[in-house]
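Have a look at the structure below before the remarks.
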Amino acid sequence: MIRDHLIRCIADAIGQAQQAGELPAFAIPTIVVEHPRQPEMGDYATNVAMQLARIAKMPPAKIAETIAQYLRAMPGTPFSVEVAQGFINFRLTPAYLSQQVDVILERGARWGEIDLGRGRKAQVEHGSANPTGYATIGTGRNVVVGDTLANTLEAAGYQVHREWYINDAGSQVRVFGASVYARYAQALGVDEPMPERGYQGEDVQEVARIIAEREGDRYLRLPKDEAVRALGQLGIEAIMANIKRTLARLNIRYDNFFSEKSLWTSGLGYEMIERLRAKGLVIEHDGALWFSEDGSPIRSGQGQRRTDEEYAADKDESGRALPVQAVLIRSPKVIRDPEERPTYFASDIPYMWHKVMLRGFNPAIYVWGEDHQADVPRLHAAARAIGLPEGAIRILIYRFITLLRSGQEVRMGKRKGNALLIDDVVDEIGPDAFRYIMLSRSVDTKFTFDLDVLKEQNEKNPVYYVQYGHARICSIERKAAEENWGVEIGDPGSQQAPGAYCYEHPAEQALIRRLIQLPEIVELVATTLQPHHYTTYAREVTQAFSKFYEECRIKGSPPDVARARMKLARAAQLTLAKTLKLMGMNAPERM
RNA sequence: GCCCCUAUAGCUCAAUGGAUAGAGCGCCGGCCUCCGGAGCCGUAGAUCGCAGUUCGAAUCUGCGUAGGGGCACCA
């Protein structure tokens, strides 16, 4: 990446200035190179002179000018250097920019990929909704963000594994099984009441009806316990099959569906508990086992739901309010209950061991909804306790979606069956618009999902702006071939005299400047785990292309100009296609 | 009580501590005899409040205000 090259040049220049005695001796700090907001300032800029002002005890402008002199003295650099207000600004030369078009064409489908991961194994676990109902738009944000991150890490040089964690152990599955049983019996004409807090949704009814049609009434003749267990399992399978179909519509596939139950049938969960017990971090209290990071005892009332007032009244012996840290980190959490049914948290411990130690994923990335935020410090505490490498566990928390129906906020819940399904929305707006919308906002921002507005704005959705831009480039290429404009690009390998043409038009240069940012964007997303940067970038690229398209004609230009512009258009097409691909979207050749 | 997230233009959102805070939608006004007008160009319009740190703050810190989530063997 050119940015890394600039950083090395700056460091060299500082070193040379120090050797020449023009700058005092000091350790060179981390050098930051960024894009100035105003393009007139150049393509890149560094604030290193201002950072050094204090260390070197010299005015920033003087430092900047000194460094700039050594930068200018470097032979064959692809940039010019200016100093302004303490900044050192770099402007890429037209010759260098022109060469980049050939670089992009040569990279082809691999353009934008970097080697941040150096082939290391990374995992993105996403989706992982309880298998007690069809996939809702809440899960939609999870899977689109997770899948896009997985695409990104792949492009960043990681070997990526995509996993869905099936919560098939625990009490919710028993309630689900009982709900399926009731609906199954009802489908067969037997009056069977729904269990308390059962799953009321139509999805469960549909699944039960399908099972009844396929299996007949044989489960009614079994003992009820056995039937509930069997139907629960069949129900999970049917729900997961439906979820997989839904996700396939969104271009999302998994390498593995990991069963929570397997952590306990394999014995790994119990091994982990013994491991923690040997360290004195497992405490028995009221017949249950608790995890306590520092071995501190169980407080009364822990493990129970309390009101705000009860939390406020939570004081220690001397009457002081207990700091929240004591609750989050020192407080024990049940590892398993007296009936030895593991809790959610208990399974998380062997699961992360399985991910990091047995399968070698580092980082193992979790995509979690904000309802899990309290589990983040607990999981990290447990990771330390069992001895996972620092930083192996990365947890991304995304904000929930607010659903509006005719202007009213709707609370979504699977139990009540009033959640909006991914399938319903994809039916309305299509998979590409769905993914784009889910990616268009920072994961830290809750966003409002108003289906009426979305349907209305479907034609104006920015997703079509980007796809239209891509389709238009393809159309130009088609037309050029049909009408024999004589601008064939040929194979990237067979360029005659690459870089011989120099792009001089401002719109050409602006477009190239935008295109060469793709590797930086991939790195940005891979590092911050914030995929919304793609939507901004895709729009910027399209905008730059549109401007180029308006101002720089291909057809009718002199042959060398026309051919060079055709190459630039192809580079823009490759960049847009790659960005869309990273977002998991289609890059249509026609619309 | 405590923890986490959020507050930017009429609306929805951007902006690795950096120079004149950017887009889309909406409003108003322009642009095709010409490679796709789902386009392009232009006008108007914003950092919740008060302190602090810094050469420099939408961004970091503190105190507020407002909204969301959490601190249950729930899921």
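Residue numbering restarts at 1 for every chain, and letters A, B, ... go by the order of the sequence lines. Just the heavy atoms: all of them, side chains too, but no hydrogens, waters or symmetry mates, feed the values below.
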Self-check item: Nearest-Å distance once atom C1' is located in both B:G45 and B:C27
Solution: 10 Å
Quiz item: Looking at CG of A:L511 and CZ of A:R565, how far apart are the two atoms once the value is rounded to the nearest 0.5 Å?
Solution: 11.5 Å
Practice problem: Would you indicate which nucleotide in B:G36, B:G69, B:U54 comes nearest to any side-chain atom of A:R478? | Solution: B:G36
Quiz item: Quick one: the side chain of A:D444 and the base of B:C4, do they pair up donor-acceptor inside 3.5 Å?
Solution: no
Practice problem: Return the set of residues passing side chain to side chain donor-acceptor pair (under 3.5 Å) with A:Y44 (not counting sequence neighbours), or none when no residue passes. | Solution: A:E520
Practice problem: Describe the nucleic acid contact of A:Y549 in one word from base, sugar-phosphate, nothing, applying a heavy-atom distance below 4.0 Å. | Solution: base
Self-check item: Atom-to-atom span, NZ of A:K567 to P of B:C35 - whole angstrom
Solution: 24 Å
Quiz item: Distance between the P atoms of B:U59 and B:U47, in whole angstroms?
Solution: 13 Å
Quiz item: What integer number of Å spans the C1' atoms of B:G10 and B:G26?
Solution: 8 Å
Quiz prompt | Interatomic distance at P, B:G64 relative to B:A15, whole Å | solution = 28 Å
Self-check item: Nucleotide of B:C35, B:A38, B:A19 approaching A:M591 most closely (side-chain heavy atoms)
Solution: B:A38
Quiz item: Using a cut-off of less than 4.0 Å, is there contact between a side-chain N or O of A:K547 and OP1 or OP2 of B:C41?
Solution: yes
Quiz item: Per the atom types in the model, does the base of B:A19 pair as donor or acceptor with the side chain of A:N47 at under 3.5 Å?
Solution: no
Quiz prompt | Residue closer to the 5' end of RNA chain B, A:R472 versus A:Q373 (nearest nucleotide) | solution = A:R472
Quiz item: Counting any heavy atom closer than 4.0 Å, what does A:A45 reach on the DNA or RNA strands: base, sugar-phosphate only, or nothing?
Solution: base
Quiz item: Can a side chain N or O of A:R54 be found less than 4.0 Å away from OP1 or OP2 on B:C55?
Solution: yes
Practice problem: With the side chain of A:Y468 defined as its heavy atoms from C-beta on, choose the nearest nucleotide among B:A58, B:C74, B:G39. | Solution: B:G39
Quiz prompt | side-chain N/O A:H372 vs B:A75 OP1/OP2, d < 4.0 Å | solution = no
Quiz item: Counting just side-chain N and O atoms, does A:S440 come under 4.0 Å of either OP1 or OP2 of B:C13?
Solution: no
Quiz item: Expressed in whole Å, how much space separates the P atoms belonging to B:C63 and B:C4?
Solution: 11 Å
Quiz item: Tell me: CG of A:L396 to C1' of B:C5, nearest whole Å?
Solution: 13 Å
Exercise. Looking at every strand, decide which applies to A:C552 at a 4.0 Å heavy-atom threshold: base, sugar-phosphate, or nothing.
Key: base
Self-check item: All salt bridge (Lys or Arg N to Asp or Glu O under 4.0 Å) counterparts of A:K479, not counting sequence neighbours
Solution: none
Quiz item: What's the closest nucleotide to the A:S475 side chain, out of B:G24, B:U6, B:G36?
Solution: B:G36
Quiz item: More than 12 foreign heavy atoms under 6.0 Å from CD of A:E589: is that the case here?
Solution: no
Quiz item: Counting any heavy atom closer than 4.0 Å, what does A:V376 reach on the DNA or RNA strands: base, sugar-phosphate only, or nothing?
Solution: nothing
Practice problem: Drop me the distance from A:I63's CD1 to A:K57's NZ, to the nearest 0.5 angstrom. | Solution: 11.0 Å
Exercise. Could you tell me the separation between the CD atom of A:Q172 and the P atom of B:A72, rounded to a whole number of Å?
Key: 18 Å
Quiz item: Under 6.0 Å between ring centres, would you say that holds for A:H372 and A:Y344?
Solution: yes
Quiz prompt | Span that lies between the C1' atom of B:C25 and that of B:U6, in whole angstrom | solution = 22 Å
Quiz prompt | Residues that A:R91 engages under side chain to side chain donor-acceptor pair (under 3.5 Å), provided they are two or more places apart | solution = none
Exercise. Go through B:C35, B:A19, B:G36 for me and flag the one nearest to the A:R590 side chain.
Key: B:G36
Practice problem: Measure the distance from CZ on A:R441 to P on B:C25 and round it to the nearest whole Å. | Solution: 14 Å
Quiz item: Once you round it to whole Å, what is the distance between C1' of B:U6 and CZ of A:F400?
Solution: 15 Å
Exercise. State whether A:K479 places a side-chain N or O below 4.0 Å from either non-bridging phosphate oxygen (OP1 or OP2) of B:G36.
Key: yes
Quiz prompt | A:R305 vs B:C74: side-chain N/O to OP1/OP2 distance below 4.0 Å | solution = no
Quiz prompt | Protein-nucleotide distance (A:R553, atom CZ; B:G39, atom P), rounded to Å | solution = 18 Å
Exercise. Starting from the 5' end of RNA chain B, give me the residue, A:Y44 or A:H532, whose nearest nucleotide shows up first.
Key: A:H532
Practice problem: Check every strand shown and say whether A:A471 touches a base, only sugar-phosphate, or nothing at a heavy-atom separation below 4.0 Å. | Solution: base
Quiz prompt | Ring-on-base stacking B:A19 with A:F87 (under 5.5 Å, under 30°) | solution = yes
Quiz prompt | Given B:U20, B:A72, B:C35, the nucleotide with the shortest approach to the side chain of A:R306 | solution = B:A72
Quiz item: Does the gap between the ring centers of A:F545 and A:F548 come in under 6.0 Å?
Solution: yes
Practice problem: Kindly say whether, by distance alone, the side chain of A:D371 makes a donor-acceptor pair under 3.5 Å with the base of B:G69? | Solution: no
Self-check item: Dot-bracket summary - RNA chain B, pairs being Watson-Crick or G-U whose distances fall under 3.5 Å, with | when paired to another strand
Solution: (((((((..((((....[...))))..((((.......)))).....(((((..]....))))))))))))....
Quiz prompt | Rounded C1' spacing from B:G69 to B:A75 in Å | solution = 15 Å
Quiz item: Donor-acceptor pair under 3.5 Å: do we get one between A:R399's side chain and the base of B:C5?
Solution: yes
Quiz item: Is the phosphate of B:G24, meaning OP1 or OP2, less than 4.0 Å from a side-chain N or O of A:Q543?
Solution: yes
Quiz prompt | OP1 or OP2 of B:C25 under 4.0 Å from side-chain N/O of A:Y465 | solution = no
Quiz item: Does B:A14 have OP1 or OP2 sitting under 4.0 Å from an N or O in the side chain of A:T445?
Solution: yes
Quiz item: Does any pair with a residue in residues 36-45 of chain A pass salt bridge (Lys or Arg N to Asp or Glu O under 4.0 Å), and if so which ones, sequence neighbours excluded?
Solution: A:D43-A:R513
Quiz item: When the P atoms of B:A7 and B:G56 are considered, how many whole Å apart are they?
Solution: 25 Å
Quiz prompt | Partners meeting side chain to side chain donor-acceptor pair (under 3.5 Å) with A:E540 (sequence neighbours left out) | solution = A:R514
Practice problem: Check every atom of B:G67, B:U20, B:A15 against the side chain of A:E40 and return the nucleotide holding the closest atom. | Solution: B:U20
Quiz item: If you look at every strand shown and take non-hydrogen atoms under 4.0 Å, does A:S442 touch a base, only sugar-phosphate, or nothing?
Solution: sugar-phosphate
Quiz item: Hey, does A:N167 reach any base, or is it just sugar-phosphate, or nothing, if we go heavy atoms under 4.0 Å?
Solution: nothing
Quiz item: Going from NE2 on A:H5 to CD1 on A:I10, what distance comes out if it is rounded to the nearest 0.5 angstrom?
Solution: 10.0 Å
